[in-house]
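Single-structure report; data block below.
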Number of protein chains: 2
Amino acid sequence: MATIYEVAALAGVSPATVSRVFNGQTVSAEKKRLVHEAATKLAFTPNRTARRLRGQSSEIIALLIPDIENPFFTALARGVEDCAREAGYSLVLCNTDDDPAKELHYLEIVASEQMAGVILAPASDEVDLGAIVSLGRPVVAVDRTTPYPVDAVKIDNRAAGIGATTALFEAGYRRIACIAGPAGIETTEDRFLGWRQVVAARKTVLHDGYLQHANFRVDGGRAAMRALLALDTPPDAVVTTNNLMAVGALQALAAAGIAPDVFGLAVLGELPFMALTPTPFVQVRLPARHLGRTAAAMLLERIGGDAQPPRTVVLRAEVNPREEQAL
Amino acid sequence: MATIYEVAALAGVSPATVSRVFNGQTVSAEKKRLVHEAATKLAFTPNRTARRLRGQSSEIIALLIPDIENPFFTALARGVEDCAREAGYSLVLCNTDDDPAKELHYLEIVASEQMAGVILAPASDEVDLGAIVSLGRPVVAVDRTTPYPVDAVKIDNRAAGIGATTALFEAGYRRIACIAGPAGIETTEDRFLGWRQVVAARKTVLHDGYLQHANFRVDGGRAAMRALLALDTPPDAVVTTNNLMAVGALQALAAAGIAPDVFGLAVLGELPFMALTPTPFVQVRLPARHLGRTAAAMLLERIGGDAQPPRTVVLRAEVNPREEQAL
DNA sequence: AGTCTTGACGAAATCGATTTCTTGGACTTC
DNA sequence: GAAGTCCAAGAAATCGATTTCGTCAAGACT
């Protein structure tokens with residue numbers, strides 16, 4: 001690993017001049033040539049650690065997500081990465097497992113690694129951004145919001161819930177249940193509120209137990225669907241508030257021998273590798289990748305020094321009834 | 001962001017002493033107390049950049065994978081992360097898109113960021129590890145091997161191919177085709193060799209066109225399956241050499257109205273969110289997460305100074321005919 | 001008592017790039 | 001021709017933690 005000093009020595013100039021060559025400062029053509037020659041000969045790459053120590057910041061942004069195995073978040077990560085790389089930034093992906101302690105740990109790392117900024121899908125409302133915000137590091141909340149005055153990008157979850165439920169209603173279903181995520185998480189809360197609003201407005205049949213809370217994973221969805229099917233008056237359709245729970249619900253339906261066109265299923269989120277039969281009846285596409293791109297763009301603006309008051313961008317989901325779904 | 005100097009000043013000791021307190025050196029109890037007090041009062045976190053500059057290495061390991069949206073690689077990443085975090089390391093995930101240029105770019109970053117090591121799923125055989133290897137940074141190749149003398153963890157792909165094909169044969173299929181990945185990629189090459197070996201040994205019917213090469217993605221699998229179905233003598237079963245192509249194949253089958261028990265389908269890889277009907281007939285589980293854990297463990301050993309000659313660990317895949325598949 | 005060992009701990013060097021300061025020379029300008 | 005301006009480029013400070021080196025004092029040993 002050649003250093004700037006070795007390059008300087010070989011080129012017969014001072015280290016300062018070498019630095020100037022690589023940072024677009026005023027250097028004579030002759031020395032510029034010498035430095036470039038020496039640099040290529042030694043395969044010189046500036047040491048980013050030293051640069052960062054001096055410059056107090058790096059070209060790395062962190063993305064904290066609750067579950068790297070959830071396609072929603074990998075699509076989001078992909079969006080962030082695309083945008084970040086275009087701007088010359090690298091991405092560090094951290095898995096928080098929805099655990100506030102891990103989240104906090106990673107936020108500390110962000111600070112002490114002097115990363116340029118963070119995009120965070122908060123594990124809970126109680127996330128402690130105090131330290132990082134007061135440090136002046138840009139933060140963008142994604143998918144969920146926070147009580148702190150930081151930028152946020154989210155989806156209009158209530159509208160998504162309304163859209164899904166309405167689509168089921170218009171398709172003729174009248175006993176529409178809902179498999180919601182863990183209570184207290186904003187994202188799923190809003191989605192289920194959308195469901196409730198439609199169900200109340202349309203005066204559909206609503207039995208006890210039509211609202212199931214589950215964890216955000218496949219097993220949660222499966223258990224919730226089983227519970228629904230076991231009710232005295234089971235529903236004829238269900239809205240699941242995330243992608244993995246929908247998979248679980250489909251599994252439970254399949255196990256019970258119920259075809260998903262008899263039983264209406266609306267999914268909030270994409271089931272990327274499932275575009276085969278059985279297809280859910282209604283799919284509300286959540287623009288995960290776009291979410292990521294938007295968040296990254298906002299973060300980069302902040303990193304560039306933009307100091308306008310915090311913004312919240314709300315993206316709208318797209319409701320696709322089955323007949324419009326392309327294979 | 002408090003520095004060690006401020007802590008030292010507040011505690012009335014030298015910066016060296018503060019450093020010693022945090023690095024388990026011999027310091028008197030009294031000063032230790034003073035330093036800890038000062039440190040908590042100032043919310044001191046050591047600046048990792050400075051530490052790294054001095055120590056020439058960081059607690060970050062990089063994982064370079066071709067596609068972050070492929071569940072196989074996210075499971076692998078998960079395995080790496082679990083293992084790394086236990087050891088106090090953080091993980092940087094980089095997406096290479098199977099593009100050698102991006103790969104090289106990230107390898108340069110690894111070097112200039114002074115990361116502790118890299119786990120790499122090489123984009124191609126021509127990956128240039130020369131620079132990083134000669135720098136002495138530990139490298140572990142995962143899923144695919146390289147010509148360089150570095151540790152590697154891979155799957156016994158030929159055995160996986162043999163297992164899948166044999167299972168189909170034993171289930172009575174006699175016209176077994178293969179949808180392989182891009183020519184020249186070791187992983188898929190070995191799998192398809194396994195298929196060929198069984199097909200040759202069992203003397204099954206083998207028509208022109210029974211071997212299809214496709215890209216590793218869903219659309220490739222779909223196109224390949226369409227091509228197979230359009231043959232004069234179409235196969236009655238197919239081995240797909242990765243997970244996404246299997247999804248595409250299932251889609252094409254569904255579109256053609258063919259149930260997957262009539263037509264035998266063997267998949268190398270997991271279709272994690274698809275454990276519903278239609279289920280592929282044979283599934284060869286590739287231990288992705290385990291692959292990640294193993295690679296991380298090996299890398300950490302190297303980082304710890306282990307200097308034994310390069311090892312290659314081969315993990316065996318597990319063949320699950322459908323009846324054994326648990327829901 | 002005197003030398004040796006040991007241990008705590010401060011001063012200062014170090015990691016490598018960037019960024020002020022400074023300097024010396026070329027070039028204007030009156 | 002003297003004074004002022006400008007610019008390339010080297011010397012040195014800087015970022016913050018670690019680590020070597022050296023010092024001083026207390027305790028051990030002969």
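All values below come from the heavy atoms of this structure, side chains included, with hydrogens, waters and symmetry mates left out. Reminder, nothing fancy here: chain letters follow the sequence lines and each chain counts from 1.
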Could you state the atom-to-atom distance from [atom1] of [X] to [atom2] of [N] in whole Å?
{"X": "B:K32", "N": "C:dG7", "atom1": "NZ", "atom2": "C1'", "value": "13 Å"}
{"X": "B:Q114", "N": "C:dC15", "atom1": "CD", "atom2": "C1'", "value": "8 Å"}
{"X": "B:N47", "N": "D:dA17", "atom1": "CG", "atom2": "P", "value": "5 Å"}
{"X": "A:F22", "N": "C:dG16", "atom1": "CZ", "atom2": "P", "value": "16 Å"}
{"X": "B:R54", "N": "C:dA13", "atom1": "CZ", "atom2": "C1'", "value": "8 Å"}
{"X": "B:L42", "N": "D:dA17", "atom1": "CG", "atom2": "C1'", "value": "16 Å"}
{"X": "A:K31", "N": "D:dG10", "atom1": "NZ", "atom2": "C1'", "value": "9 Å"}
{"X": "A:E113", "N": "D:dA17", "atom1": "CD", "atom2": "C1'", "value": "14 Å"}

| NA contact type, A:R20, heavy-atom cut-off 4.0 Å: base, sugar-phosphate, or nothing? | base
### Touch class at under 4.0 angstrom, heavy-atom based, for B:Q25 against every strand present
nothing
By nearest-nucleotide position on DNA chain C, the 5'-leaning member of B:V27 and B:G55 is B:V27
Using only heavy-atom distances, decide whether a donor-acceptor pair under 3.5 angstrom links the side-chain of B:R51 to the base of D:dT18.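 Between D:dT18 and B:R51, which were checked side chain against base, a qualifying N/O pair under 3.5 Å is absent.
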Would you call [X] and [Y] a salt bridge, using N to O less than 4.0 angstrom?
{"X": "B:D82", "Y": "B:R289", "result": "yes"}
{"X": "B:K41", "Y": "B:E37", "result": "no"}
{"X": "B:D151", "Y": "B:R302", "result": "yes"}
{"X": "A:K154", "Y": "A:E186", "result": "yes"}

In Å, rounded to the nearest 0.5 Å, how long is the span from OG of A:S90 to CG of B:L93?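 The distance works out to 12.0 Å.
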- Taking only N and O in the side chain of A:S28, is any of them less than 4.0 Å away from OP1 or OP2 of D:dA9? yes
Side-chain N or O of A:N23 less than 4.0 angstrom from OP1 or OP2 on C:dT18? yes
Check your understanding: Taking atom types as modelled and ignoring hydrogens, do the side chains of A:Q114 and A:S57 form a donor-acceptor contact shorter than 3.5 angstrom?
Key -> no
Quiz item: Is a side-chain donor-acceptor pair under 3.5 Å present for B:D306 with B:Q308?
Solution: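 A donor-acceptor contact under 3.5 Å links the two side chains.
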Expected list for residues 3-19 of chain B near DNA chain C, using heavy atoms below 4.0 Å, is B:V13, B:S14, B:A16, B:T17
B:E6 side chain vs B:T3 backbone, donor-acceptor pair below 3.5 Å: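 Yes, B:E6 side chain to B:T3 backbone: donor-acceptor pair under 3.5 Å.
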Tell me if a side-chain donor or acceptor on A:D97 pairs with a main-chain N or O of A:D99 at a distance below 3.5 Å.
no
Would you tabulate the nitrogen or oxygen pairs shorter than 3.5 Å linking the protein to nucleotides 25-27 of chain C?
none

